[in-house]
Number of protein chains: 2
Amino acid sequence: MPNNHFKRGELYSVINGMASTAVARRLQKNFRNAGLEITIEQWSILYHLWKEDCLSQQELCNRTFRDKPSITRLIDNLEKQAMVIRMPSKTDRRINLVCLTDAAKEIQNLTIDLANQTMSEALVGVKKEDIEIVKIVFQKVYDNLIL
Amino acid sequence: MPNNHFKRGELYSVINGMASTAVARRLQKNFRNAGLEITIEQWSILYHLWKEDCLSQQELCNRTFRDKPSITRLIDNLEKQAMVIRMPSKTDRRINLVCLTDAAKEIQNLTIDLANQTMSEALVGVKKEDIEIVKIVFQKVYDNLIL
DNA sequence: TTGAATTAGTTGCATAACTAACTATATGCC
DNA sequence: GGCATATAGTTAGTTATGCAACTAATTCAA
């Protein structure tokens, strides 16, 4: 039994029960209050497309740390809401390029402002250098488990 | 537009896409490989009951940062698998006390070992003091958003 | 003591996640 | 060229999550 047993268990439940839920739920609420009918999961797809448009579904899997079926359904739902369209790649017919519509471009600034505002609320009292440490720890965890 | 705009956006997607999924998915896989038919969400309930048995559903909500319907269904599924039973409180008939069965007690040591092992794999190369910082940051985030 | 407000838990509906099994296209080796 | 293998994406089935609306029991105050 490792000697740091309980600490790790505690960390585990913190990560699992709190990290994504508290921030995500608040951001979702802020979207709703602003009249935006979009989930944070859908927004996270748009967020990556705003950085670089017309990515393949596989590339979205890599960048959002989701598996392929999850991306398929998220794109399905975003397509229903006319936020993105699937464009068959001309060089590889297996690939769908996921491209933004004008509707998605219109909500970019508003939603990113809301996200920044939410992160500001969430990070009150947290030192900048500690945020950097959290990012580094998460990246290491991801590398340890996935690569 | 806040000047630390992109950093926070990045942190957001890291928290949302990676934190719970990578560790949780690995732990789930380790459970499955050990022949355990239990989800990590169900395990997180058992984890709190091993620390203190016969908690109310509301108390489990507080300790696992979940809402009431989530707890209701997790307990439903755990009850189907005969891991817990609902016992009506004698002092307040609105309350269900959720108590462990022998089957749950049997898997306690094995699953906690697997969880510690998974956290050890996940935290390779991460300094102990950085883990503490992550915990403190998450607690602050939670306090900022919920309280 | 009765009636409003609070608290504990459940149910219905929608979205999202993972696994496993599947189709279709592309690549690479003989 | 042709077959094995790899890659991109979809579908089906189960579990989990969030919200809103609901029932039942308790508390508290007029």
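To find a chain, count down the sequence lines: A is the first, B the second, and so on, and within it residues start at 1.
At the phosphate of D:dG9, neither OP1 nor OP2 sits under 4.0 Å from any side-chain N or O atom of A:T72. In this model, the phosphate group of D:dT10 is approached by a side-chain N or O of A:R86 to a distance below 4.0 Å at OP1 or OP2.
Counting heavy-atom neighbours within 6.0 Å of B:K105 NZ, excluding the residue itself, gives a total above 12.
Under the rule for a side chain to side chain contact (heavy atoms under 4.5 Å, CB included), the partners of A:E52 that lie at least two apart in sequence or sit in another chain are A:L55, A:R63. Judged as a side-chain hydrogen bond (donor to acceptor under 3.5 Å, both in side chains), and not counting sequence neighbours, the contacts of A:Q57 are A:R86, A:N96.
A distance-only check finds no donor-acceptor pair linking the side chain of A:D130 to the backbone of A:V126 [under 3.5 Å]. A donor-acceptor pair under 3.5 Å links the side-chain atoms of A:Q81 to the main chain of A:E37, judged by distance alone. Side-chain N or O atoms of B:N30 include none that pairs as donor or acceptor with a backbone N or O of B:L114 at under 3.5 Å. A donor-acceptor contact shorter than 3.5 Å is absent between the side chain of A:K68 and the backbone of A:Q58.
Note: CD (A:Q57) to P (D:dT7) measures 17 Å, nearest angstrom. Rounded to an integer number of Å, the gap from A:R93 CZ to C:dT27 C1' is 15 Å. Across the protein-nucleic acid pair, A:I95 atom CD1 and C:dT25 atom C1' stand 10 Å apart, rounded to whole Å. Counting to the nearest Å, the P atom of D:dC19 and the CZ atom of A:R26 are 11 Å from each other. Between the P atom of C:dG9 and the CD1 atom of B:I75 lies a distance of 10 Å, rounded to the nearest Å. Taking atom CZ on B:F31 and atom P on C:dT19, their separation rounds to 14 Å, with Å as the unit. If you take CG of A:L60 and C1' of D:dA8, they are 13 Å apart, rounded to a whole angstrom. A straight line from CG of A:N96 to P of D:dA8 spans 12 Å, rounded to a whole angstrom.
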Atom pairs, protein N/O to nucleotides 21-24 of chain D N/O, distance under 3.5 Å:
none

Polar pairs (N or O, both sides) under 3.5 Å between protein and nucleotides 13-16 of chain D?
{"residue": "D:dA16", "atom": "OP1", "partner": "B:T39", "partner atom": "OG1", "Å": "2.5"}
{"residue": "D:dA16", "atom": "OP1", "partner": "B:Q42", "partner atom": "NE2", "Å": "3.1"}
{"residue": "D:dA16", "atom": "OP2", "partner": "B:N77", "partner atom": "ND2", "Å": "2.5"}

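Here B:D76 lies out of heavy-atom contact (under 4.0 Å) with every strand. Among the protein residues, A:D67 comes within range of the nucleic acid bases, having at least one heavy atom under 4.0 Å from a base atom.
Of all non-hydrogen atoms in B:V98 and B:L49, the two that sit nearest each other are O-CD2, 3.4 Å.
Judged by distance alone, the side chains of A:S44 and A:R66 do bring a donor and an acceptor atom under 3.5 Å apart. With no hydrogens or angles considered, a side-chain donor-acceptor pair links B:D67 and B:S70 at under 3.5 Å.
Counting only heavy atoms from C-beta outward, the side chains of B:L100 and B:M83 never approach each other to under 4.5 Å.
The residue among A:Q28 and A:I71 whose nearest nucleotide of DNA chain D is located toward the 5' end is A:I71.
Between D:dG9, C:dG9, D:dC19, one nucleotide has an atom nearer to the side chain of A:R32 than all others, and that is D:dC19.
A stem is defined here as three or more consecutive Watson-Crick or G-U pairs, each with both distances under 3.5 Å; for DNA chain C these stems are C:1-30 with D:1-30.
Each disulfide (SG to SG under 2.5 Å) pair with one or both residues in residues 71-132 of chain B, not counting sequence neighbours, appears once here: B:C54-B:C99.
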